[in-house]
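Inspection log for the structure reproduced underneath, given as structure tokens.
Just so you know, these numbers come straight off a predicted model, no measurement behind them. Below, read A as the first sequence line, B as the second, and so on, with proteins coming before strands; counting in each chain starts at 1.
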Amino acid sequence: MTNEEKTGNARFKRYTVTSALPYANGPIHIGHLAGVYVPSDIYARYLRLKGEDVLFIGGSDEHGVPITIKARNEKITPQQVVDKYHNMIQGSFEKFGISFDVYSRTSRPVHHETASSFFKKLYEKGKFIEKETEQYYDEENKQFLADRYITGTCPHCGYEKAFGDQCENCGTSLSPTDLINPRSVLSGNKPQMKKTRHWYLPLNDYEPMLREWILEGHKHDWKPNVYGQVKSWVDQGLQPRAVTRDLDWGVKVPLEGTDGKVLYVWFDAPIGYISATREWGMTHGKPWEQYWKSPDSKLVHFIGKDNIVFHCIIFPIMLKAEGSYILPENVPANEFLNLEGDKISTSRNWAVWLHEYLEDFPGKQDVLRYVLCAAAPETKDNDFTWKDFQARNNSELLAIFGNFVNRTLVLTHKYFEGKVPSCGPLEPGDKKALEELAGFPARIGKSLDLYRFREALAEMMNLARLGNRYLTEAEPWKIFKNEPERVKTILNVSLQICASLSVLSAPFLPFTANKLQDMLDIQDMKWEQAGGKKLLTSGHSIKKPSLLFEKIEDSQVQAQMDKLLKSKEENKSKAENQTPFKAPVSFDDFSKLDIRVSTVVSAEKVTKTKKLLKLEVDTGLDKRTVVSGIAQYYEPEKIIGKKVLLLANLEPKTIKGIKSHGMLLMAENNDGELSFVIPEKSFNNGSSIS
RNA sequence: GGCGGGGUAGCUCAGGUGGUUAGAGCGUCGGAUUCAUAACCCGAAGGUCACGGGUUCAACUCCCGUCCCCGCUACCA
């Protein structure tokens with residue numbers, strides 16, 4: 001298959017490039033940049049340089065429950081939360097040269113209009129199913145409670161401030177009805193169950209469409225990680241998914257009698273791409289619909305792997321259901337970027353924040369862009385280290401790229417007063433260099449067409465290597481005295497390479513490319529011109545060179561490492577903070593518990609589970625079956641004969657088809673590790689605890 | 001446990017439908033050089049291609065099994 005066939009680019013007249021909408025409840029870090037914004041920006045800039053019609057879309061995702069929670073905690077409005085982070089995020093993007101044609105936000109009226117008419121159209125076409133369910137309701141505040149708005153005692157670890165979707169203490173995911181003693185976060189009251197009505201999108205109806213379109217149609221041109229993930233989801237079977245929910249922050253459901261209901265954020269967010277395009281159309285007085293509805297438009301979504309299901313399954317189904325939209329041609333999702341061997345984590349402050357980087361390394365946006373592209377998690381998770389950052393700056397950007405440009409420009413000023421010398425008769429070495437030069441634009445372009453950004457970047461650097469090799473072999477500084485004419489040709493060729501470099505590096509290193517073009521005093525070069533031998537005409541004056549990159553010292557790297565180390569220390573002391581004591585209980589309550597010394601008689605792993613052991617314990621009074629989630633810490637063979645404490649009068653509960661009569665008492669440390677609790681002396685089975 | 005992705009030189013990664021001595025960049029070592037931010041250029045060392053089987057004249061590449069890492073998912077009374 002040829003490149004053209006593989007990308008199918010020949011049949012496209014315009015490109016619609018989207019980048020995942022960052023969620024406006026926090027700033028942006030290097031993981032976001034490496035996974036989504038650097039690659040999409042490179043792609044968009046490359047297409048523009050080729051003279052393609054491209055619309056590069058971004059925007060902030062500003063709805064959803066986490067934002068309302070954050071607002072509550074900080075005692076400000078949700079709008080104030082998203083205003084703060086939207087501005088911060090947009091500012092970071094601008095400073096890093098992410099060249100959006102439009103950067104919008106989902107709290108704008110244009111988005112509310114777009115999303116609600118999108119919903120309405122699907123509603124009118126009968127694409128939804130309606131369902132009534134029971135959910136927790138806060139009488140005092142007269143509203144339904146999102147999972148996060150319900151708090152109570154975690155049935156797993158007993159933590160009293162667990163949320164309806166997850167326990168922050170033990171990490172277990174929960175549903176609101178699991179909570180013991182549930183309370184509304186809003187009023188503190190016990191919430192009531194109340195009926196509510198919602199609309200669902202029957203994703204399962206679109207399975208055949210997905211199979212044909214992706215599993216058969218994109219078997220070879222989509223990345224294996226993306227394709228595999230989609231296949232996994234489709235094979236597991238899709239379920240109808242609620243598109244509305246009871247909340248007051250979001251796009252209002254545009255139907256009668258639906259006060260207090262908004263579109264689910266997963267439904268409204270991707271429509272944000274379309275709203276942004278409409279906004280662009282309105283502000284620029286241009287038709288926007290062709291970017292989304294014309295079959296000769298190529299739609300590409302840049303996302304991280306956490307977003308695959310939304311962009312490959314759900315959003316396409318929405319578009320298909322609506323009927324007039326095109327589907328994405330490719331979704332080149334990246335994996336995750338780690339930092340110094342650990343997962344990037346906002347809550348643990350284990351991240352390199354863009355706004356902090358800009359303070360610590362002013363003017364070095366291209367360095368980070370370069371490093372993040374070179375180490376982009378294209379095929380698997382990758383690790384960012386400051387040592388690697390330093391090495392790539394010092395021995396690649398500076399030593400190869402910067403050095404070649406510098407030596408060429410310095411020599412031009414030294415020998416020819418900064419004027420481009422003429423090109424005389426070509427010797428074999430010159431010809432060879434020029435021939436190689438000519439091949440670069442197509443080679444880099446091919447890699448970019450296939451979303452191989454690391455490869456493209458490496459090729460770009462190879463051009464600088466070519467320049468260095470050429471100069472070193474030609475040795476103009478040795479022969480200038482005797483053969484000044486020859487030196488003219490050599491520097492002419494070197495300068496042409498510099499000029500090409502200024503074009504071909506532009507998608508990756510826009511600031512550097514600008515600076516270089518400024519020094520060479522050229523502008524508006526197109527991709528196709530690169531690789532040519534007459535980008536600079538003889539006699540053309542170039543400016544005094546300044547350095548493109550500067551060395552990054554050990555001390556700077558050490559400072560960043562120290563910063564991270566500090567985060568780690570702080571986390572550690574945080575982790576040592578024990579969970580607070582629970583509310584007092586009466587002695588009566590305590591004495592209701594019947595805890596007995598028992599012995600494990602037999603133990604086996606419950607099949608098809610990771611954590612469960614099925615135990616037979618001797619309580620002294622009887623032998624009974626207990627299921628316990630300790631498989632990660634105790635091997636079944638090794639605990640037979642062990643004394644344990646058993647909560648014997650706990651209501652029986654069926655787990656994975658096995659009836660469990662009681663619960664083993666375990667101590668748990670901060671890492672979640674479990675340990676048996678046993679009496680110090682060897683007491684008989686049946687001994688009680690009081 | 002199920003599903004998906006990945007495990008190739010010290011590090012980061014390439015290696016269509018199996019075929020001569022497994023590649024690149026960085027790092028290391030040696031050489032050469034001085035136009036250049038001691039940078040460039042040349043050369044070398046370095047790999048049982050996670051492990052064990054199998055198919056084949058031939059496997060990093062195909063099949064089966066095992067282990068490890070990441071993600072989704074079930075389970076934790």
Side-chain angles (χ1 to χ4, degrees), chain A residues 1 6 154-158 170-173 178 180 220 223-236 304-306 308-309 335-336 338 343 371 374-385 387-388 391-392 394-396 398-400 402-415 452 454-455 457-459 461-462 464-465 467-478 480 487 490-491 494 545 547-551 605-613 626-632 647 650-658 660 662-664 666 672 674:
Chain A
M1 211 188 280
K6 206 165 180 183
C154 173
H156 172 57
C157 69
C170 65
T172 308
S173 55
D178 293 339
I180 300 162
H220 301 290
K223 294 170 65 165
N225 57 335
V226 177
Y227 182 90
Q229 193 63 241
V230 171
K231 189 170 185 315
S232 175
W233 274 88
V234 174
D235 286 346
Q236 273 175 39
K305 69 173 163 185
D306 52 329
I308 289 174
V309 62
E335 300 283 303
F336 286 153
N338 292 328
K343 231 176 271 192
V371 175
E378 273 177 21
T379 54
K380 60 179 176 194
D381 290 358
N382 210 344
D383 198 25
F384 175 94
T385 65
K387 203 168 161 257
D388 182 60
R392 288 195 188 273
N394 292 355
S395 54
E396 294 181 28
L398 188 153
I400 314 276
N403 186 38
F404 167 63
V405 169
N406 188 241
R407 56 204 297 221
T408 301
L409 301 195
V410 165
L411 286 172
T412 304
H413 276 276
K414 190 166 177 178
Y415 297 145
R452 296 181 182 170
R454 284 189 312 221
E455 186 179 85
L457 184 69
E459 274 303 333
M461 289 301 286
N462 279 339
R465 289 193 177 90
N468 275 319
R469 200 180 322 122
Y470 173 74
L471 260 190
T472 303
E473 282 167 7
E475 299 182 303
W477 49 89
K478 269 194 179 169
F480 182 66
V487 171
I490 295 168
L491 281 185
S494 298
L547 298 176
L548 290 177
F549 303 100
E550 46 190 40
K551 195 159 185 170
K605 215 170 163 194
V606 179
T607 52
K608 300 189 177 184
T609 68
K610 193 156 83 184
K611 301 184 182 175
L612 300 184
L613 290 187
V626 175
V627 176
S628 187
I630 57 173
Q632 287 164 306
L647 176 54
L650 190 68
E651 286 178 4
K653 157 104 183 181
T654 303
I655 302 161
K656 277 277 160 186
I658 302 163
S660 177
M663 161 180 166
L664 296 191
M666 309 298 295
L674 299 176

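Rounded to the nearest Å, the gap between the C1' atom of B:U48 and that of B:U8 is 12 Å. Nucleotides B:C75 and B:A14 have their C1' atoms positioned 41 Å apart, rounded to a whole Å. Distance noted for atom C1' between B:U20 and B:A58: 11 Å (whole Å). Here, B:A45 and B:G53 have their P atoms 30 Å apart, quoted to the whole Å. To the nearest whole angstrom, the two C1' atoms, one in B:A9 and one in B:A24, are 11 Å apart. Annotation: B:C69 and B:A50 have their C1' atoms spaced 11 Å apart (nearest Å). Annotation: B:C64 and B:C3 have their P atoms spaced 12 Å apart (nearest Å). Separating the P atom of B:G43 from that of B:G5 is a span of 40 Å, rounded to the nearest Å.
For A:K653, the listed nucleotide lying nearest its side chain is B:A77; candidates were B:C42, B:A36, B:A77. Set against B:G71, B:C40, B:A39, the side chain of A:R407 has B:C40 as its closest nucleotide. Comparing atom distances between the A:L612 side chain and each of B:A77, B:A36, B:C75 picks out B:C75 as nearest.
Side-chain atoms of A:N462 and A:R465 include a donor-acceptor pair closer than 3.5 Å.
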Could you pull out the protein-nucleic contacts involving nucleotides 26-34 of chain B (nitrogen or oxygen on both sides, under 3.5 Å)?
residue : atom : partner : partner atom : Å
B:C26   : O3'  : A:S395  : OG           : 3.1

Would you tabulate the nitrogen or oxygen pairs shorter than 3.5 Å linking the protein to nucleotides 4-6 of chain B?
residue : atom : partner : partner atom : Å
B:G4    : O2'  : A:Q229  : N            : 3.4

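Atoms CZ and CD1, from A:F549 and A:I400 in turn, are 11.5 Å apart once rounded to the nearest 0.5 Å.
Applying the salt bridge (charged side-chain N to carboxylate O under 4.0 Å, His left out) test to pairs two or more places apart or on separate chains, none has a residue in residues 402-413 of chain A.
Atom-to-atom, CG of A:N382 to P of B:G71 comes out at 15 Å; the value is rounded to the nearest Å. Here B:C72 presents its C1' atom at 14 Å from CG of A:D235, a figure rounded to the nearest Å.
Every residue meeting the side chain to side chain donor-acceptor pair (under 3.5 Å) condition with A:D235, not counting sequence neighbours, appears here in chain and number order: A:R211, A:K231. A:E473 is linked by a salt bridge (Lys or Arg N to Asp or Glu O under 4.0 Å) to nothing, counting only residues two or more places apart in sequence or in another chain. Residues satisfying the salt bridge (Lys or Arg N to Asp or Glu O under 4.0 Å) criterion with A:R469, sequence neighbours excluded, are absent altogether. For the ring-ring contact (aromatic ring centres under 6.0 Å, His included) test, residues two or more places apart in sequence or in another chain that qualify with A:Y415 are A:F480. In this structure, A:Y227 has no ring-ring contact (aromatic ring centres under 6.0 Å, His included) partners at least two apart in sequence or on a different chain. For A:A474, the side chain to side chain contact (heavy atoms under 4.5 Å, CB included) partners at least two apart in sequence or on another chain are A:P476, A:I490. Applying the salt bridge (Lys or Arg N to Asp or Glu O under 4.0 Å) criterion to A:K551, with sequence neighbours excluded, gives no partner residue.
For the OP1/OP2 pair of B:G71 and a distance below 4.0 Å, the side-chain nitrogens and oxygens of A:K343 include at least one atom meeting the criterion.
Smallest separation of non-hydrogen atoms from A:V626 and A:G662: CG1-O, 3.5 Å. Closest non-hydrogen pair, A:P545 versus A:H413, comes out as CD-CD2, 3.5 Å.
Counting only Watson-Crick and G-U wobble pairs whose two key distances fall under 3.5 Å, RNA chain B forms stems of three or more stacked pairs at B:1-7 with B:67-73, B:10-13 with B:23-26, B:28-31 with B:41-44, B:50-54 with B:62-66.
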(request) Can you check each nucleotide of nucleotides 62-67 of chain B against protein heavy atoms at under 4.0 Å and return B for base, S for sugar-phosphate only, - for none, in 5' to 3' order? (result) ------

